[in-house]
Protein chains: 2
Amino acid sequence: MRKRTYSCGLDAAVDIVGGKWKALILWALHHEPRRFGELKRSVPGISEKMLIQMLREMEAHGLVHREVYHQVPPKVEYSLTEFGQSLNTALIPLGVWGEENMRAIEAIPRD
Amino acid sequence: MRKRTYSCGLDAAVDIVGGKWKALILWALHHEPRRFGELKRSVPGISEKMLIQMLREMEAHGLVHREVYHQVPPKVEYSLTEFGQSLNTALIPLGVWGEENMRAIEAIPRD
DNA sequence: CGGCATGCTTACCAAAAGGTATGTACCCGA
DNA sequence: TCGGGTACATACCTTTTGGTAAGCATGCCG
């Protein structure tokens, strides 16, 4: 989130979904609400710091909902809001594209 | 481009389209091939350095085609490959989402 | 009492992304 | 000879992003 005006819708969407992790977290929440630890396990490679940071931003952006259960040990559940759902839906074709072309993408030489 | 394996298609797609500019450049090339200067004008805010850097990467990734015309003054045209077209198509819903929600996105307080 | 589990939080650091400014090479027309 | 237009390249710097490691609060279980 850095701009106040966008040149087009894609510009705005990229700004929201930007970074390496948010799309993956959204994806992981697609089917059901998840706890912190579950999310960490279902987004391989993410650090706790990044996960929290992204969750907090996404909460502030109205994409996810955070529900705290006052238990011991503590339990916190994250779920998609309507807004988050709609973004997730818009990401589906991109996910499909990625799956269809994963071989080609993996074959790209990285310097 | 940093990984060799992806946890899902979205992961791979985000890796390719990553950053602030590539999606916008792809978008700008959607309808017709464009020259360097035209692109610069149609992606507001981008610096020449970033534009070249992104174009080079996208060429290396097989998303765009670069055609040099040996003229004076020089002319270089960039166009989408089939691969680039397919990615662009997958980005359409995201662009639509961004347009529909642009007001909401702009209203998000930053920090 | 001590260890474990959960869900964070903090400090510190490295790498990548991005921006500004300037320079290059070419030829043309004034 | 000078400036302008095209398409870059390069150096330098700042900001953003991401990673590691450690610590904290809580209460249960043995």
Side-chain angles (χ1 to χ4, degrees), chain A residues 1-4 6-7 11 14-26 28-29 33-61 64-79 108 110-111, chain B residues 1-4 6-7 11 14-26 28-29 33-61 64-79 108 110-111:
Chain A
M1 296 303 304
R2 17 202 130 83
K3 308 185 197 172
R4 278 148 207 287
Y6 297 102
S7 57
D11 194 4
V14 165
D15 207 11
I16 285 293
V17 88
K20 190 164 144 189
W21 299 114
K22 286 187 185 161
L24 283 311
I25 296 173
L26 239 24
L29 290 173
R34 287 258 163 109
R35 305 181 54 174
F36 183 83
E38 288 175 335
L39 274 175
K40 197 182 136 191
R41 281 186 290 277
S42 55
V43 181
I46 196 170
S47 66
E48 295 192 347
K49 176 191 157 186
M50 277 300 112
L51 183 52
I52 288 185
Q53 199 171 300
M54 297 301 110
L55 284 169
R56 290 284 140 91
E57 286 179 24
M58 290 160 80
E59 196 193 349
H61 295 175
V64 306
H65 173 72
R66 181 168 179 266
E67 185 82 33
V68 182
Y69 296 83
H70 292 289
Q71 304 176 348
V72 160
K75 170 174 168 180
V76 183
E77 252 189 14
Y78 296 90
S79 54
I108 292 169
R110 46 231 83 220
D111 315 308
Chain B
M1 297 303 303
R2 21 208 126 83
K3 307 184 197 174
R4 277 150 209 285
Y6 298 101
S7 56
D11 192 6
V14 165
D15 206 12
I16 285 293
V17 89
K20 191 165 148 187
W21 300 115
K22 285 185 187 166
L24 285 308
I25 297 173
L26 238 25
L29 290 173
R34 287 258 162 107
R35 304 181 54 175
F36 182 83
E38 288 175 333
L39 273 176
K40 195 182 138 190
R41 281 185 291 278
S42 53
V43 181
I46 196 169
S47 65
E48 295 192 345
K49 176 192 157 185
M50 275 300 113
L51 183 51
I52 288 187
Q53 200 171 300
M54 296 301 110
L55 285 169
R56 290 285 141 89
E57 285 178 24
M58 289 159 79
E59 197 193 348
H61 294 175
V64 306
H65 173 72
R66 181 168 177 266
E67 186 82 34
V68 182
Y69 297 82
H70 291 286
Q71 306 175 349
V72 161
K75 172 175 167 177
V76 181
E77 253 187 12
Y78 295 90
S79 54
I108 292 171
R110 40 233 85 220
D111 319 311

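Computed from a prediction, not measured in an experiment: that's the story for all the values here. Proteins get letters first, then strands, A, B, ... in listed order; numbering begins at 1 in each.
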Mind checking the OG-NZ spacing from A:Ser47 to A:Lys40? Nearest 0.5 Å is all I need.
9.0 Å

Quick one: the dot-bracket string of DNA chain C, using Watson-Crick and G-U wobble pairs with both distances under 3.5 Å, [ ] for crossing pairs and | for bases paired to another strand.
||||||||||||||||||||||||||||||

Between P on C:dA16 and CH2 on B:Trp21, what's the gap in Å once rounded to a whole number?
21 Å

B:Lys20 versus B:Met50: any side-chain heavy-atom pair under 4.5 Å?
no

Is A:Lys22 close to A:Ile16 at the side-chain level, that is, under 4.5 Å between some pair of heavy atoms?
no

Taking every non-hydrogen atom, the tightest pair across B:Pro33 and B:Glu77
CB-OE1, 3.8 Å

Rounded distance in Å - CD1 (A:Ile46) to C1' (D:dT17):
12 Å

Report yes if at least one side-chain N or O of A:Arg35 is closer than 4.0 Å to OP1 or OP2 of C:dG7; otherwise report no.
yes

A:Pro74 has its side chain closest, among C:dT6, C:dC8, D:dA7, to C:dT6

Got B:Leu55 and B:Phe36 here, is their nearest side-chain heavy-atom distance under 4.5 Å?
yes

Nearest whole Å is fine: how far is D:dT6 P from B:Tyr78 OH?
14 Å

Side chains of B:Leu24 and B:Ile46: does their closest heavy-atom pair fall under 4.5 Å?
no

Between A:Arg41 and C:dT6, does any side-chain N or O lie under 4.0 Å from OP1 or OP2?
no

Return the value, rounded to whole Å, for the distance between atom CE of A:Met50 and atom C1' of C:dC8.
14 Å

Would you say the side chain of A:Val64 lies within less than 4.5 Å of the side chain of A:Arg66, judging by non-hydrogen atoms?
no

d(CD1, B:Ile52; P, D:dT6) in whole Å
14 Å

Whole Å only: how far is the CD1 atom of B:Ile25 from the C1' atom of C:dA17?
14 Å

For C:dG7, take OP1 and OP2 only and decide whether either is under 4.0 Å from a side-chain N or O of A:Arg56.
no

Rounded to the nearest angstrom, tell me the gap between atom NZ in A:Lys40 and atom C1' in C:dT9.
14 Å

With nearest nucleotide decided by heavy atoms, which residue, B:Ser47 or B:Glu57, maps closer to the 5′ end of DNA chain C?
B:Glu57

Starting from P on C:dA11, measure out to CD on A:Gln53 and report it in whole angstrom.
14 Å

